[in-house]
Structures are given as C-alpha cells and as structure tokens.
There are 2 protein chains.
Amino acid sequence: MTKIADKPRSMPQGHVRLPAHELIYRQLRALVLFGDLAPGQPVTIQGLTDLLGAGMTPVREAIRRLIAEGALEFQGNRRVCVPHLSADNIGELILVRQWVEPHLAHCATAHATAEDLKQLTALDDELDAAIDRGDLRAYLESNYRFHKVVYDIADAPILAELADGLWLRFGPSLRVVFGRLGTQNLPDNHKAMLAAMAGGDGDGAAAAMRKDVAQGMELVRMALTGGRSLR
Amino acid sequence: MTKIADKPRSMPQGHVRLPAHELIYRQLRALVLFGDLAPGQPVTIQGLTDLLGAGMTPVREAIRRLIAEGALEFQGNRRVCVPHLSADNIGELILVRQWVEPHLAHCATAHATAEDLKQLTALDDELDAAIDRGDLRAYLESNYRFHKVVYDIADAPILAELADGLWLRFGPSLRVVFGRLGTQNLPDNHKAMLAAMAGGDGDGAAAAMRKDVAQGMELVRMALTGGRSLR
DNA sequence: GCGTCTATAATATGATCAAATTATTTAACG
DNA sequence: CGTTAAATAATTTGATCATATTATAGACGC
C-alpha cells in the first residue's frame, strides 16, 4: 500500500489551518465516494494512519463520522468495512433520491442566478469532456459536483445534507457498475435540466432531475440484481 | 453541575460489555433527543467528561457522531452547541417527515405481526398514561419509542435511519414547545393508526401517520414563527 | 474438531501543545 | 477625572499524540 501524504511537521502556511481530523475525513470521504475503496473492503485505523500519514485520534474520528453517515459499516466485533448494497437497499435509495432530488432541483430553479447557471454549465462541460476521454473517475467527480452545486443553490440545508449523504451509500457501487459499462452509456440529463432552470421552469427541472436519477440508479439496480453477485 | 455517573473502576459485569464510546453516545443522544440540553446550549468535551465520568476520547467520538447526524452543531471556531431551529429548518423537516413517515407506516402495515401490534398498543397505553399524569418527559419518550418501533417493523433500514435521525433535529424544540402547552393538547393519532394497521389498511395507516406528524410539527412551527423568539 | 495461546489491532487514558475566549491592565480621549 | 477602547495576560478548552490495556482472530497443539 503506498503512502499518499507525509505527516507535515510544520504547516506550510495554507491560508486557513484546517484541523487534521477534518482533512482526514475529507480524504477518506473522497475515497469512499469515488469508489477507491471497494464494497466489502475492510477499513482499519492503523492502515489509514500509515496510508494518510496521520495519528490515530484524527483517523478514529473520521471513521466514526463516516459510520454515522452510513458510508462505512461497523461490523459488531470491532471491524469496519465499506458496506455492500443489497437489492433492498438500492430500492430504498431510489425511492428517496427520486423524491428529494427533484424537489431540490425545483427549489434551485427558483433561486438560481445567472452566475449559478454559468457554473453549472461549466461543470456539465467538464462532464462531457470526461465522457469523451473515457475517464470514469473524472465523470464520477463532475457528476457529483454538478448535483452538489444544485443542492447548494436550492438553499435548503437539511434536504441538501440528506441528498448529499446518500451519495456515500451508492458511490462505491457506482464505480463498480459504471466501470463495466464504459463511459459512452452513462446517464446525462443535465442539459435538459439546465434549459428548464434557465427558463424558470421548476417543474421541468424537477422532471429532468428525476429522469437523471432514475436512469443512473436503475443501472446500479440491474447490475446488483440481474448480473452475477458482486460479492 | 451534578455528576450523572461515576467512573466505574471495575465493570459490575453487565452481560455484554459495550464500548465506552457507545455508552457515552447513547447517553448524550438521549440528552439531546428529550430536550435535556436546550437549543443554543454549548456542549464541551471537558464538561461531558466530568458529567458522565468518562475519558476524553470516547466523549470526542460521541460528539463527532452526533454532529454528523445533525444533532449538534460545529460552530466554525471549535465550539459545539445544540442548534437552534429556524423557521426554514422546520419547513424542511415537515416536508421530509410528511413524506417518509407515512411511507414507513405503509411498509410496517404490510409486515406487522400480531406480536408487533401488541407491542405498539402497549406503548400507546404508556403514552396515554403519561398524558394523564401530565408527565411531559414520559410522553416524549413513549411517543418516540412508538414511532421507532414502526420504523423497525417497516424493514427498510435506510429510510428508518433517515426518519430516526430527524428526531434529533427537532427533539430539543419539542421539549420547549410542548412544555408550554401542557400535556392535554398534545397530538395522538396512534389509535387510528393501530386500527388501520390491524386491518391491513396500509393507506389508512399512512394517512393517520401523516396527520400525527403534521399536527406535532405544526405546533413547533407556530411556536417558532408566531410566538416570541426562543432565543 | 476443540480448546488454548499468541499476535495483531482496537479501545481508552492522560499528558502536552495550540488556540480561543475571558479577564485585566493600560492608554487615550472626551 | 471618568469612561471607553485597545492591548495583553490568564484561563479555559480543543487537538493531537504516545502509550497502556483489552479483545478478537488466527495458529498451534491436543
């Protein structure tokens, strides 16, 4: 296992000093979100202290946080791992996302400024570029960031946190499933959504969002039920 | 500040030894959920180590977990407190609860055994008794446990965790708001719900649940918008 | 196979360091 | 001379680490 970072003895004066547990949390979160840790993979404290060059305390806190968010699973004994998704789990996630994401898209449409739309368009361009390059990792990141910005615009912090948290649950599977499909067949209803938002059509944006979510999640569901078991 | 527990030097042999951070988490969670910590009240690590007779590490982990669940708020600097609810927050909570709780009630109706209904009836009796006694704390606990059991029966772990997590956000305000009303005017649509569940009427149970949630949350909303500020 | 032993990893403590708030002093101004 | 404001000191509290303890998994012998 390779080291990602050395322990910084003296901080090289980044503008704001973020506490170590926060940094570790963000790194570990990204590892889960973009599928660098596969479902079922065990997560150990000491493994992460070596990998990220951090002390035990910050690593412990980051792991606890991610367990609370459902990104990691505490296995009764004292082992922690990235959870597998069951078919039932996927069904629940589809249900929640199909309710909450259109709602947020609707709110976002009401609040979006020209500046916001520009930012979303730029992110969607990045996403297209990633698809053309066949760069799965970049696709996953751009796609996530697009949705994240929509949440922020919607100005509904509790719903946004809820929607954001769900990504941690299906992120690991997304990587596995989409990896088998190639980047050409991935869902992208963002342009229809942007058009609706630009026209102030909240219902249209919500419908586009629902379609986007439904397509993506359905691919995961099919892979987990139809295909051979991932376990 | 009075001590709740002494540090147990040797465990008095409870059957299963739960780790300290888990015990601390549950105690602190209950303190938030039932309003023993008021909105705005600061939560310090060292205060809790004294109050609960625990070391710093377990307390830190418990606090992190509760922050991740939205029960506590990290205030930029490094202070932690019980969050205040804004009118917008309440609006979001009403929206989510009115969607998810009826859904869970519907699922629960499909899965409920005679045993389950017996347990729910017993909990509802406790709730009635608490109302008669004018015992607010017991009402809050019985009410929560009733809903919690419905979640468990529904057999939808992700939705259940979601619904359960929301309680932490409005729990502190519930205590404040209901404390002003007296126990006679509190919502209780559990009997209609139980009747529907017993008859296998999922839609009826969902409707009763929606009504129960709407009544309770509306009281909180009115108190927070209409009444003088709680701050 | 079953029980015991050992190695490994998690849990928990207290000490140490750093940051932030509060209290106190000092200085400036009306 | 009193009041206010700035600067500084003191205290509280959070962050991190090194280390000791404890529990679990896997290996070994029976």
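Side chains included, hydrogens not; waters and symmetry mates left out as well; all remaining heavy atoms used. Throughout, protein chains are lettered first and strands after them, A, B, ... in sequence-line order, and every chain is numbered starting at 1.
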Please table the atom pairs, donor to acceptor, closer than 3.5 Å between any side-chain atom in residues 66-80 of chain B and protein atoms at least two apart or in another chain.
from    : atom 1 : to      : atom 2 : distance (Å)
B/Glu69 : OE1    : B/Tyr25 : OH     : 3.0
B/Glu69 : OE2    : B/Tyr25 : OH     : 2.9

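- Computed from coordinates, the B/Glu61 CD to D/dA15 C1' distance equals 14 Å when rounded to whole Å.
- No donor-acceptor distance shorter than 3.5 angstrom exists from the side chain of B/Gln119 to the backbone of B/Asp116, with no hydrogens or angles considered.
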Seminar exercise, completed: B/S/- along nucleotides 15-22 of chain C (protein heavy atoms under 4.0 Å) is B--BB-S-
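- When each of C/dA12, D/dA15, C/dT11 is scored by its nearest atom to the side-chain atoms of A/Arg64, the top-ranked nucleotide is C/dT11.
- A donor-acceptor pair under 3.5 Å is formed between the side chain of B/Asn89 and the backbone N or O of B/Ser86.
- Where A/Thr57 and B/Val43 meet DNA chain D, the nucleotide closest to each residue was compared, and B/Val43 sits on the side nearer the 5' end.
- Here D/dG14 presents its P atom at 11 Å from CG of B/Asp50, a figure rounded to the nearest Å.
- Atoms CG (B/Leu48) and P (D/dA15) sit 13 Å apart, rounded to a whole Å.
- What separates CD of B/Gln46 from P of D/dT11 is a distance of 15 Å, to the nearest Å.
- Between the CD atom of A/Glu22 and the C1' atom of D/dT16 there is a distance of 15 Å, given to the nearest Å.
- Every residue meeting the side chain to side chain donor-acceptor pair (under 3.5 Å) condition with A/Arg97, not counting sequence neighbours, appears here in chain and number order: A/Glu101.
- A salt bridge links A/Arg29 and A/Asp164; the closest N-O separation between the charged side-chain nitrogens and carboxylate oxygens is under 4.0 Å.
- The aromatic rings of A/His147 and A/Tyr151 lie perpendicular to each other, with more than 60° between the two planes, well past the 30° mark.
- As a whole-Å value, the separation of A/Ile45 CD1 from C/dA12 P is 11 Å.
- When distances run from any side-chain atom of A/Pro19 to the nucleotides D/dT13, D/dC17, D/dA15, the shortest one goes to D/dA15.
- In this structure, A/Arg60 does not reach the D/dC17 phosphate: none of its side-chain N or O atoms is under 4.0 Å from OP1 or OP2.
- To the nearest 0.5 Å, the span separating CG on A/Asp152 from NE2 on A/His111 amounts to 12.5 Å.
- Look at CD1 on B/Ile67: it is 12 Å from C1' on D/dG14, rounded to the nearest Å.
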